[in-house]
Every structure is written in structure tokens, then in C-alpha cells.
Amino acid sequence: MKTVIIGGVAGGASAAARLRRLDESAEIIILERGDYVSFANCGLPYYIGGSITDKNSLTLQTPESFRARFNIDVRVNNEAVKIDSEDKTVTVKNLKTGEFYTESYDNLILSPGAEPIKPNIDGIDSDIVFTLRNIPDTLNIKEYIENTKPKSAVVVGGGYIGAEMAENLKEAGLEVSIVELADHLIAPLDFDMAADVHRYMKSKGIKICLNNGIKAIDGHTVILQSGEIHTDMVILSVGVRPETALATECGIETNALGSIIVDRNMRTNISGIYAVGDAVEVTDFISGRSAFIPLAGPANKQGRIAANNIAGIYSEYGGSQGSAVLKLFDMAVATTGLNEKGAKASEIDYDKTYIYSGSHAAYYPGANNMSIKALWDKKTLKILGAQIVGFDGVDKRMDVIAAAIRFGAKITDLTNLELCYAPPYGSAKDPVNMLGFVAENITSGKVKQFFWHDVEKLPRDGNVTLLDVRTVTEVSRGKIDGFINIPLDSLRNRIGEIPKNKPVFIHCHSGLRSYIACRILIGNGYDCYNLAGGWRLYESVINEKTVPEYICTECK
């Protein structure tokens, strides 16, 4: 049995190694058009920033190591240029010699990945413009920085790679601006959760231009839809698209985006041909809709599944939920599942809640609060997605929630999780438990909530009571117009000041004290609503909130 694999990164390399472990007699060939195989895509920005100093550490395997350990024939600088599915052959071009040859196969696995999108604008091919996809791209950027000594860079696109590049270029000593067409960075985040990211990155000296796009590059000037920036180099990070021309030419079905359509076994519509990784269409695990989720974890799992099926072990891919974590200096940003935009697009009737909890016990030194947001289905209570922005402990909390989603947990099931606790690592009531407790209070009717985007619509005509239960000192630092201040610890003694025949909308710093205030008032016959996320979230969002005509002052 002979298997040819086109593409030797992530899914392709994973498939090859798995297939060898399952079948010692199989003939396995990897065709990789680049210079490297099985390299660490996700580590590339950190070599540019200097966190990774040895470029050889980016290469997880070499053709020689694949041969020695797995007896796999890895051919770098060999590009598959044509697939003949009738004869079961692949035409290959040796990029070193220019020669063409034909390779037969019994099974073929396509793992071509995705390519960076390059806008069709003037100046896009300038010598100061770079993309980051592979090791040669990384070395080109590193060499440019070392030889040219640029002082500034513009990163076009504020997704995962764009944000990571901004951090690492800053670490390399450059002044960095991010230009993003949307109203916030990191698309899987909702705007309210991205607000903390914006504030933090600006505190680190990153300039952020939102609601703005690139129109042209003229010399060292990036011309935007609104304004322009003079710069020494440009990193394009506006997204990727599946690289599937080879597949479509041989009759493999693709969707409108160009992603290869596969079944749950990673089979294409042509017998004997499988596809894995960033080039394939996946099913969103939460919504059941078709999706494009180019992540390393899913790619590796898909490679394993394709190998299993080739070896006669029935195996299915259960869908992608988009679990990811991002490092930004000392900050961590993690997401899984649907955000609000995705939930609305999927027409799911959802609810949401926010908490602001410490990474570990407050009395143990070094605790940092993290902002956590969760969405759940109002009918089933199943968790739809979550977002966390913070510092220590973000990744492990998101891993717990991601696992809970995968096993179909309800938001209230988080209350029952027994998680590890010691003061340096967590709290007896872990933030994940707290997320469940808060949601349980909402789903059980113990408290009603309102959100930061409801605040401005609340009447200030006396028909409702707007109550701030923070301390006088906290209020002196900032307040919401129209809210009267009665600190929580004075509430029982001053309850007579609050009319009983009007709804009461309450907030504190994070939502905890205002919940307690709600319970006090509800116990005394009041109709209460608690501001989810509290003043902290409201203030963060309002201070970072953009409007359609917004023009970033950094871009003028």
C-alpha cells in the first residue's frame, strides 16, 4: 500500500507519522514544495521577536529524521503540479533541477494549507512588504530587521498573527502600528472583551488604528482609507485562504471560499483522496454550520483521522470549535466556541454573563483578575462559547470550558466541577465554578441582569432608580451619569431612600456587590436588575468604543 502526502506541515506530517505507526510495511512519501518539513508555524513570530533564538528549533523534523525514525521518504523542494485521479498518479516538479516526474499512489492525502491574502493594491509587491507563513518568510523578515535596522513597522490586520507580530516587532525594538478594518482586534473576541486588549496593547506602546483599511503603499507611506502612516516596513496579516488550486483542477469539490469539501472521515468526493488541515471545510462543532477554522490542533487531529481510515481503522472528525490562546506581552487572550456574532448568525437564542475573578487566592501574592465571558443557549443551557482576557491562569480555565463544551455541558454544570485548588494556583471557588454560579443565579431567576450596551438607554426621568453601590472613593474615580450612590454596606440602613414602586438598576465594580445588593432589595420586595460585568466592563468598553466615522489619531 502506497500513500503520497502533498504538504509536509501539521496535518500532512501528522498523517505520515500516524500511518507509519499503524502500518510498518506501508510506502509513505511526503511531497513538500518548500525547504522545510514539519516546522512550527506558531513559533515563527517569536523567532523574529527574539524569544526563540535558535532557528533550528523551529524545525520539528527534517527529511533525514523522518527517514531514520519513521522510514518515510520526505522530498522537500518537490512540488505536486497535477493529480490524475483516474490513473492515480501525481506529477511532480523538482524545484532544484526543474525536472518533472510521475509518482503513483494507492491513497493520496492533500495537506496544502492556506496562503496569506495579499490585497490587490498599488505597492503591494514593495521590498518593504512582508507576509509570514513559513520559515523562509521568517528569515526574510529577521534578515531585513538585522540588516536594514528599521525603526517602525505597520502590521495590516489585527488577528492572531497580526497581534503576535505586533508584539514581537515591538520586542525587536520597532515602533509598531496595527491597522484593522474591523472595530476591534482579534476577531473571535466580541468588542466588549477586546476593549481590555486594546487598552493593554496601547499601554505597551502599540498604536492601534481601527475601522481603517489599506488603500496603497507609496514608498515608505502606507495610505489608508482615513489617513496615512510613514513606516520602514509593512507586515500583511489580513487573513488566509485555502490553497486548493491543485485540488480543484483534478475535480475535487470545493466550497465558495475554495475549501476542500470532505466527509467526517476526511475523504474528498474522489475515491482514494483525502484532505486535511487549513485547506478543508470543517463543521463548526457548536452551530453545525460549515466553517473555515485554520488552526494547528484540528489540522493534526485530521491528519491522524485520515491515516486511521487508510489503515482500516474507522475514524471520524467531530468538528472544530475554534479553541485558541494568544500571548500578548504578559497578557493572555483565549477563546472557544461561538462569540455573539456567530451565535446571531446561527440564529441561536442565547444569553451571556461576565465575571471578573482572580487567577488565584487573593491573599496569596501575585493574583491578577481575569475577565471571563460566556454564552449559552437559553433553551438547552448548553455552553456556546467563552472568551477570557487576563494574565496568569487564562489558558487552564479556557481548557476546562473548552472540554466542557466538547462533552455537551450546560453552563450550570460548571458549578459541579471539582478543580484543583491551592492558594498559588486557584481559589476554592475557581473562576470556572464562579462562571457557573453566576449563570445559575440568572437561569434560576434569582437575579435579572442588564448589560453595558443597555446603560445609555435607561431612562433618567425618575421612572426607574439607578443605583451605584460602590464605595465613595470608587465613585470619585468615575461614575455613570444618573446613578445615585449608596455603598453596599450602608444599603440596609438607607433602604428607605429607594422607592419601592420603581425598578432598580444596580451596578458595582464587577457585578458581585451589586448582586448582593439585588438580593437584599429583592428580599424586601424590590424589582432589581444587576449590571453584568459592572462598572469595570462598562468603563473599559465605553472608553474604547468606536463609531463608524472614527478616524484613529495615530493614522493622520
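At distances below 3.5 Å, not a single donor-acceptor pair connects side-chain atoms of Arg33 with backbone N or O atoms of Lys93. In this structure, the side chain of Gln321 does not engage the main chain of Gly385 through any donor-acceptor pair within 3.5 Å. The backbone N or O of Pro45 sits nowhere less than 3.5 Å from a side-chain atom of Glu164 that would complete a donor-acceptor pair. Between the side chain of Ser51 and the backbone N or O of Tyr47 there is no donor-acceptor pair closer than 3.5 Å. Judged by distance alone, the side chain of Thr283 and the main-chain N or O of Phe285 form no donor-acceptor pair under 3.5 Å.
Side-chain contact, Ser357 with Arg397: no donor N or O sits under 3.5 Å from an acceptor N or O. No hydrogens or angles considered: a donor-acceptor pair under 3.5 Å links the side chains of Asn530 and Ser514. No hydrogens or angles considered: a donor-acceptor pair under 3.5 Å links the side chains of Asn543 and Glu539.
In this structure, CG in Asp232 is found 9.0 Å from OG1 in Thr148, a value given to the nearest 0.5 Å. Note that the CG atom of Asn78 and the CD atom of Glu32 stand 9.5 Å from one another [nearest 0.5 Å]. Considering CD1 of Ile252 and OG1 of Thr244, their distance stands at 9.5 Å, rounded to 0.5 Å. Taking CG of Asp190 as the start and OH of Tyr354 as the end, the distance is 7.0 Å to the nearest 0.5 Å. Note that OH of Tyr274 and CG of Leu110 are 12.0 Å apart. Values are rounded to the nearest 0.5 Å. Taking CZ of Phe191 as the start and CH2 of Trp452 as the end, the distance is 6.5 Å to the nearest 0.5 Å.
With sequence neighbours left out, the side chain to side chain contact (heavy atoms under 4.5 Å, CB included) criterion links Lys457 to Asp454.
For Phe451, the CZ atom sits in a packed shell: over 12 heavy atoms of surrounding residues, nucleotides or ligands are nearer than 6.0 Å. Within a 6.0 Å radius of NZ in Lys327, more than 12 heavy atoms belonging to other residues, nucleotides or ligands are found. Other residues, nucleotides and ligands contribute only 12 or fewer heavy atoms inside 6.0 Å of the CG atom of Asp122. Counting non-hydrogen atoms of other residues, nucleotides and ligands closer than 6.0 Å to NZ of Lys479 gives a total of 12 or fewer. Atom CG of Asn147 has more than 12 heavy atoms from other residues, nucleotides or ligands within 6.0 Å. Remark: Asp54 CG is packed, more than 12 non-hydrogen atoms of other residues, nucleotides or ligands lying under 6.0 Å away.
Taking the six-membered ring where the residue is Trp, Tyr538 and Trp535 present tilted rings, their angle falling between 30° and 60°.
Partner of Asp192 under the side-chain hydrogen bond (donor to acceptor under 3.5 Å, both in side chains) criterion, out of His184, Gln387, Lys373: Lys373 alone. When each of Lys151, Lys170, Lys204 is checked for a salt bridge (charged side-chain N to carboxylate O under 4.0 Å, His left out) with Glu175, only Lys170 meets the rule.
The two residues Gln225 and Asn212 come nearest to each other via the heavy atoms N-OD1, 3.4 Å.
Stacking of Lys301 on the aromatic ring of Tyr317 is not recorded, the 6.0 Å distance cut-off and the 45° axial limit not both being met.
Between Met193 and Thr335 there is no side-chain heavy-atom pair separated by less than 4.5 Å.
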